[in-house]
K.L.:
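My questions all concern the structure below.
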Amino acid sequence: MERLDKRLAATGRWSRKEARDLIRAGRVTVSGQPCRRPEEKVEPGAEICVDGAAIEASGPVYLMLNKPAGLVSATEDPREPTVLSLLPERYQRLGLFPAGRLDKDTVGLLLLTNDGALAHRLLAPRSHVDKVYYLEVDGFLTREDCLAVEQGITLGDGTVCLPGKMELFDEKNRANLWIHEGKYHQIKRMMASRGKPVTYLKRISFGPLTLDPDLEEGSWRALTEEEIQALFRQ
Ligand code: URA
C-alpha cells in the first residue's frame, strides 16, 4: 500500500505538490471512487484516474496466491487457464508472472510479481530458497524414507537432490517436506523413487513467505511491507 500522492508523483508527470493539488481539487479517483486525501493508502493494483484518464500503474507488485488445482503456472497458455485468470482486470495489465511453478494439480502458495530482478534472484539454482510442502502419498511413509530425504534422494534419471527434511504425520501417508531447490516435478519424482506416488501436494511456504491461512484456494492478496522486505533479505 502506498500514499496516493506518492503514486501519482511516481509516474513522473506531476511533482508531489502538484499531485496533492490535483487530489484536493477532486480530479482524482481510486478504483472509480473520488478521493480528496493525498495521504490515502492505495493498493498496488488500484486503478487511479486523473480527470477520468487512467494513469500508468507504476512500481513493482507482489501478490500471494493460494493456487487451486486445474490452473497452470504461466502467464499464457494455448489450451489451459492460467493462474493470472484469477486476478481482476486491473491486474492483468501489470506484467505479473508466477515466480516459480507449481504443477497444474498442485495447490498452495505461489508468488506473483512483476519484479523480474527479484524473481530471477529467488529462482536462481544457487539461491536454494527453502520450500515446504504438505503431501499425501499412495502407501505408507517410513523412517527410511525420511533418512533418504535427509541424505539426498537420487531420482529415476540419476539426478541427485540436495538433502532435505521430511516429518511424518501420525497418519503415515502424510508428511511435511522441506526442500532447498526446485527441480522439475521434484517432489513427485522423489516420492516415485521411493515407490510412493504423490496423491496430493500443497506448498505451504516459499522462502520467508508462509501461506496465509485466511486465503481460500483461488484467493490472493498483496504482500505486506514486512513480507516484501523479508523476500529482499532472502
Ligand atoms: N514438486 C512437484 O513435484 N510438483 C510441484 O508442483 C512442486 C514441487
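For clarity, every value in this text was computed on a predicted model and none was experimentally measured. Counting starts at 1 for both ligands and their atoms, following the listed order.
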K.L.:
Between Lys188 and Asp105, does any NZ, NE, NH1 or NH2 come within less than 4.0 Å of an OD or OE carboxylate oxygen?
P.N.:
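Counted as a salt bridge, because a side-chain N and a carboxylate O are separated by less than 4.0 Å.
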
K.L.:
Would you confirm whether Glu40, through its side chain, and Arg37, through its main-chain N or O, come within 3.5 Å as a donor-acceptor pair?
P.N.:
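No, Glu40 side chain to Arg37 backbone: no donor-acceptor pair under 3.5 Å.
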
K.L.:
Quick check for students: name every N or O atom pair between ligand 1 and the protein closer than 3.5 Å, with distances.
P.N.:
{"from": "ligand 1", "atom 1": "1 (N)", "to": "Ile187", "atom 2": "N", "distance (Å)": "3.1"}
{"from": "ligand 1", "atom 1": "3 (O)", "to": "His185", "atom 2": "O", "distance (Å)": "3.2"}
{"from": "ligand 1", "atom 1": "3 (O)", "to": "Gln186", "atom 2": "N", "distance (Å)": "3.4"}
{"from": "ligand 1", "atom 1": "3 (O)", "to": "Ile187", "atom 2": "N", "distance (Å)": "3.3"}
{"from": "ligand 1", "atom 1": "3 (O)", "to": "Lys188", "atom 2": "N", "distance (Å)": "3.0"}
{"from": "ligand 1", "atom 1": "4 (N)", "to": "Asp103", "atom 2": "OD2", "distance (Å)": "2.7"}
{"from": "ligand 1", "atom 1": "6 (O)", "to": "Asp103", "atom 2": "N", "distance (Å)": "2.7"}
{"from": "ligand 1", "atom 1": "6 (O)", "to": "Asp103", "atom 2": "OD2", "distance (Å)": "3.4"}
{"from": "ligand 1", "atom 1": "6 (O)", "to": "Thr106", "atom 2": "OG1", "distance (Å)": "2.8"}

K.L.:
Does the side chain of Val107 reach to within under 4.5 Å of the side chain of Lys67, using non-hydrogen atoms?
P.N.:
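Not touching, per the 4.5 Å side-chain cut-off.
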
K.L.:
Within the distance-only criterion (no hydrogens, no angle test), does the side chain of Arg121 pair as donor or acceptor with the backbone N or O of Phe232 below 3.5 angstrom?
P.N.:
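At least one qualifying donor-acceptor pair exists.
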
K.L.:
Heavy atoms, side chains only, cut-off 4.5 Å: are Ser127 and Leu122 in contact?
P.N.:
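No, every pair of side-chain atoms sits at 4.5 Å or beyond.
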
K.L.:
State plainly whether one hydrophobic cluster holds both Val83 and Leu102, where clusters connect Ile, Leu, Val, Met, Phe, Trp and Tyr through side-chain heavy atoms under 4.5 angstrom apart.
P.N.:
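Result: yes, single cluster for both.
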
